[in-house]
Every structure is written in C-alpha cells, then in structure tokens.
2 protein chains.
Amino acid sequence: MDTRTLCLGALKQGPCSGYEIRKRFEEGPFGHFQDISFGSIYPALRRLTDDGLVTVTDQEQDRRPDKKVYEMTPQGHLALARMVSTDPASDKFRSDLLFSIFFADLLPADRLAELVENRILQHEAIVRELSKCEDDDGHGPHCPTRPGPEFVRGLGLTIHRACLAYYRNNRNFLIEGHLTDNDEPTGGKSDSHASDSDRLRQPATTSGRTT
Amino acid sequence: MDTRTLCLGALKQGPCSGYEIRKRFEEGPFGHFQDISFGSIYPALRRLTDDGLVTVTDQEQDRRPDKKVYEMTPQGHLALARMVSTDPASDKFRSDLLFSIFFADLLPADRLAELVENRILQHEAIVRELSKCEDDDGHGPHCPTRPGPEFVRGLGLTIHRACLAYYRNNRNFLIEGHLTDNDEPTGGKSDSHASDSDRLRQPATTSGRTT
DNA sequence: GCGTCCATGTAAATGGTTACATGATTAT
DNA sequence: ATAATCATGTAACCATTTACATGGACGC
C-alpha cells in the first residue's frame with residue numbers, strides 16, 4: 001500500500017496530525033504489518049490535501065508546538081474504500097535472521113544461540129503486546145468491536161505464538177546439530193544421544209478454542 | 001540484507017549465472033523470506049566481481065545464449081560468513097491484505113470472502129511446496145541435511161500452516177460478523193445464532209511431533 | 001504465429017529512509 | 001545537564017522495480 005492510503009487508514013480512526021499518524025503505526029494495530037516514517041508521511045498528507053481527500057486545520061496548543069490536524073473528507077472515505085477493495089499485493093516477508101540461520105554452519109555456535117535467543121525475546125514481547133486486548137482501534141471503550149481489527153489482531157497473535165513455540169521447540173535441533181569444524185562428523189564418544197534435539201518438531205495441527 | 005550478500009548466499013549453493021540466482025530465489029529455499037530481481041542482481045554481481053568476492057567465467061552453450069557463471073572466491077566465503085554474523089535487521093512483514101481486512105466493514109461481503117478464499121489458496125500452495133521435502137539446498141541427493149535449511153523450512157511450514165488454520169477457522173467470524181448497511185444491528189429475527197462464527201479461535205498452544 | 005524460456009544488461013521512474021534544521025517543554 | 005517528547009518539513013541518498021533493448025530455441 002502506498003503511504004497515502006496508509007495515512008487514510010490511520011485517519012479513519014479519527015482526525016489527527018502527521019506526528020500522531022506515525023504513532024498509530026508504531027503502537028497501534030497496524031504496526032505489525034505496515035510501516036511508515038515521517039519522511040513519507042508529510043509529503044503524503046500534502047498530496048492528500050491537494051487532492052481533496054483530507055482537510056487540514058491548524059491547531060494551537062498550550063506548551064506544545066502547533067499541530068495540523070488532518071481529517072478525511074467524504075472523497076477520502078471513498079478513496080480508502082476503493083483501495084481496500086482492489087487486489088492486494090502479495091504479502092512481503094523479509095527476514096535477515098532466517099537468512100543467517102540458513103547459513104548456521106557459517107557462524108559460531110554461541111553467536112547462533114544468541115541470535116535465536118534474541119528472536120525468542122522479541123516474539124515474547126510482541127505476543128505480550130498483542131495479548132493485552134485493549135480496544136486499540138480508537139473507537140472508545142467497549143464499542144462492540146468490529147470483526148476486522150479483531151481478526152487481524154488474532155492472526156498476529158497466532159503467527160507470533162507459532163513462531164515462539166517453534167523456536168523454543170527446535171533451537172536445540174539447530175544449535176546442537178551445529179557441528180563446529182573441530183567435531184568429527186562420525187562421532188567418537190559424544191554419540192548416541194538421539195534425544196530431543198535431533199528432530200524437528202511441528203506444532204499440532206488441531207485447533208481448539210482459547211478465546 | 002543487501003543484494004550483494006543475497007547473491008553470495010545463492011552462490012554458496014554452487015556456481016551459477018545471474019539468471020539462475022533469480023531462480024534460486026524464486027523457487028529455492030530462500031524464496032519465502034527474501035526477494036530480488038534482475039535489476040538488482042546484475043549490478044550486484046558486477047560489484048562483487050570488482051571487489052574480488054566472486055569470479056566470472058564465460059560459458060558458451062548449445063542452442064542457448066552464452067552465460068556468465070559466477071563463483072565465490074575465498075574472500076567471498078569470508079564476506080558471507082561475516083555478514084550472517086552481524087546483527088540482523090528486524091524482520092519486515094508487509095501485508096496489504098491484512099490492511100484490507102482491518103477495514104473489512106468498508107468492502108462488500110462477497111469481495112471480502114473472495115479475498116480470504118484467495119489467501120487460503122495461496123497458503124495451501126505454499127504449504128504444499130514446502131512439504132515436498134526435496135533436498136532443495138543444492139547439495140545433491142541425500143546429504144545429511146544441514147540443520148540451517150531444515151530449520152528454516154520447518155519454520156516456514158509452521159507459519160503457513162498456522163495461518164491456514166486460522167483463516168479456515170475464523171473466516172466465518174469475519175464474514176458473518178460483517179454487517180452490511182442494510183442489516184439492523186439490533187437484530188430482529190435472524191438472531192440468537194450464537195454459533196461458531198461469533199468467536200475467534202486460536203490454535204492450541206500444545207505442540208506434538210509430526211516429524 | 002505467439003508465448004515462454006533462456007540470458008544479459010541499462011535507464012528511467014518510483015518510493016522510501018536517513019539526516020538535517022528548528023525549537024519549546026518536561027522528565028531524569 | 002541530558003534526553004526524550006512533541007511537532008513539521010526538506011533534501012540528499014539509496015535501493016528497487018519496471019520497462020526497454022536484444023535475440024535464438026522450442027512448444028503449441
């Protein structure tokens with residue numbers, strides 16, 4: 001999605017400034033699958049204004065810099081509706097970590113372990129954040145939540161929980177299966193530990209309710 | 001990862017041409033978490049050659065255009081090892097589909113259903129592809145597989161299976177919970193169907209072996 | 001005949017990140 | 001004091017995608 005549409009999406013949750021749009025992407029419910037920065041937000045807002053999809057209102061503030069509050073016009077709402085209905089570009093997932101892990105045998109065992117541990121911590125943090133079921137969609141407390149945001153949040157949780165479980169279950173497979181240059185592949189003594197760590201585990205495919 | 005490192009990664013699986021590098025990213029084991037196109041590959045190979053990280057050999061072919069076969073130098077191997085050991089940039093996941101679904105109430109129910117169905121088909125295709133356990137890492141048949149590629153492939157499978165299950169279990173929640181403008185939110189008759197579709201389901205967190 | 005695969009490469013256009021410039025307030 | 005938060009905006013830089021240019025072989 002181009003930045004303009006992304007801005008409209010943020011604005012859909014209520015009028016706000018460019019600065020606040022970024023916060024909505026950093027902390028809000030979009031953050032886990034879209035990303036923008038100031039350098040693209042401000043020019044986008046400019047264009048949206050020129051095209052009549054949003055309006056600006058200068059707002060003076062006490063002890064704060066003035067801000068420009070942007071608000072969607074009816075055309076803006078239409079444009080957003082049009083955009084979300086077009087065929088979406090395929091998901092893009094880029095992971096340098098997976099690239100590194102693919103070449104696990106090129107890096108020292110402790111470094112590999114460190115990378116994996118860090119990733120586990122990151123997934124834990126994200127799961128924690130997505131778990132606090134706050135009404136993050138900006139429609140005040142306890143509106144009957146629309147299914148869209150709920151569905152998206154739930155999918156995020158599912159993915160990160162699945163990754164977390166996978167990393168926890170299989171890090172030993174990775175790290176213990178990681179033969180350093182000094183190890184004899186044929187194994188002399190430290191052999192026959194056909195333990196947990198020699199097979200990949202996959203989460204069960206059954207799915208129960210956990211609300 | 002910059003394209004140069006990505007090319008080295010592809011070349012690590014054996015010497016090949018720029019054209020074949022792209023194929024390794026399209027079909028090979030990297031494809032699901034990294035992406036490159038010709039426009040970036042050829043300049044990258046140029047720079048790698050200039051920097052002495054790869055060598056080129058012109059190779060004439062029968063009934064085919066000549067090709068340039070690139071091969072890593074010792075420095076190239078070192079450079080790759082150095083790169084995979086540096087702190088990886090955080091994963092980037094961009095999904096226009098999730099953005100659209102977030103605003104599910106802005107698009108017609110049938111369009112929403114179509115988008116979800118398509119995504120289910122895509123996940124099914126990917127799961128199928130990752131499931132055929134071919135020794136995709138280019139080291140010939142039945143080498144004792146290195147843990148890196150195995151781990152990465154397993155994680156890909158886990159993620160896509162989790163997504164697939166989630167979409168299947170919760171599409172009704174999304175689509176039936178999707179009130180069109182004509183529906184009365186207070187519900188007159190078609191009420192009290194507190195069925196499957198009014199709650200989100202999450203896969204069980206238990207994990208068993210499926211080899 | 002038309003499309004696709006093979007194969008390399010360049011150039012233009014696109015779009016985004018990073019850094020810079022500015023500056024008050026508040027918290028540590 | 002120092003850093004972070006609030007707040008907007010521009011410009012330089014970077015990288016990537018897309019389109020173009022070229023052309024033979026092969027299958028339908």
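The sequence lines fix the lettering, A, B, ..., with proteins before strands; numbering per chain opens at 1.
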| said: I want to verify a distance call: between dA7(C), dA7(D), dT17(C), whose nearest atom is closest to the Glu20(B) side chain? | reply: dA7(C)

| message | The side chain of Lys68(B) is closest to which nucleotide in this list: dC6(C), dG9(C), dG9(D)? | response | dG9(C)

| field | N/O (side chain, Ser17(A)) to phosphate O (OP1/OP2, dC6(D)) under 4.0 Å | value | no

| task | With DNA chain D as reference, determine whether Phe38(B) or Tyr70(A) sits nearer its 5' end, using the nearest nucleotide of each. | result | Tyr70(A)

| message | Regarding Asp66(B), tell me which of base, sugar-phosphate or nothing describes its non-hydrogen contacts under 4.0 Å with the strands shown. | response | sugar-phosphate

| request: Compare the minimum distances between each of dT26(C), dG9(C), dT8(D) and the side chain of Arg63(A), then state the nucleotide with the smallest one. | output: dT26(C)

| Asp2(A) or Arg64(A): which one's nearest nucleotide on DNA chain C is closer to the 5' end? | Asp2(A)

| message | I'd like to know if the side chain of Tyr166(A) reaches the main chain of Phe151(B), judged simply by a donor and an acceptor atom lying under 3.5 Å from each other, with no hydrogens or angles considered. | response | yes

| request: Describe the nucleic acid contact of Lys92(A) in one word from base, sugar-phosphate, nothing, applying a heavy-atom distance below 4.0 Å. | output: nothing

| Base, sugar-phosphate, or nothing for Gly18(A), non-hydrogen atoms under 4.0 angstrom? | sugar-phosphate

| request: Could you tell me whether Glu60(A) and Lys67(A) make a salt bridge, using a distance below 4.0 angstrom between a side-chain N and a carboxylate O? | output: no

| Reckon Lys23(B) has a side-chain N or O less than 4.0 Å from the OP1 or OP2 of dC6(C)? | yes

| Nearest listed nucleotide, side chain of Tyr19(A), among dC6(D), dT17(C), dA7(C) | dC6(D)

| query | Should we count CZ of Arg171(A) as having more than 12 external heavy atoms under 6.0 Å? | reply | yes

| query | Does Gln61(B) make a side-chain N or O approach to OP1 or OP2 of dA7(C) shorter than 4.0 Å? | reply | yes

| So which one's nearest nucleotide on DNA chain C is more toward 5', Asp35(A) or Pro65(A)? | Asp35(A)

| note | Of the candidates dG9(C), dA7(D), dT18(C), the side chain of Ser37(A) sits closest to dT18(C)

| According to a strict under-4.0 Å criterion, is Thr3(A) in side-chain N/O contact with OP1 or OP2 of dG16(C)? | yes

| task | Measure from the side-chain heavy atoms of Lys67(A) and tell me the nearest of dA7(D), dT17(C), dA7(C). | result | dA7(D)

| query | Around Arg111(A), counting heavy atoms of other residues, nucleotides and ligands shown, do more than 12 lie under 6.0 Å from its CZ? | reply | yes

| Does Asp35(A) offer a backbone N or O that forms a donor-acceptor pair with the side chain of Arg94(B) under 3.5 Å? | yes

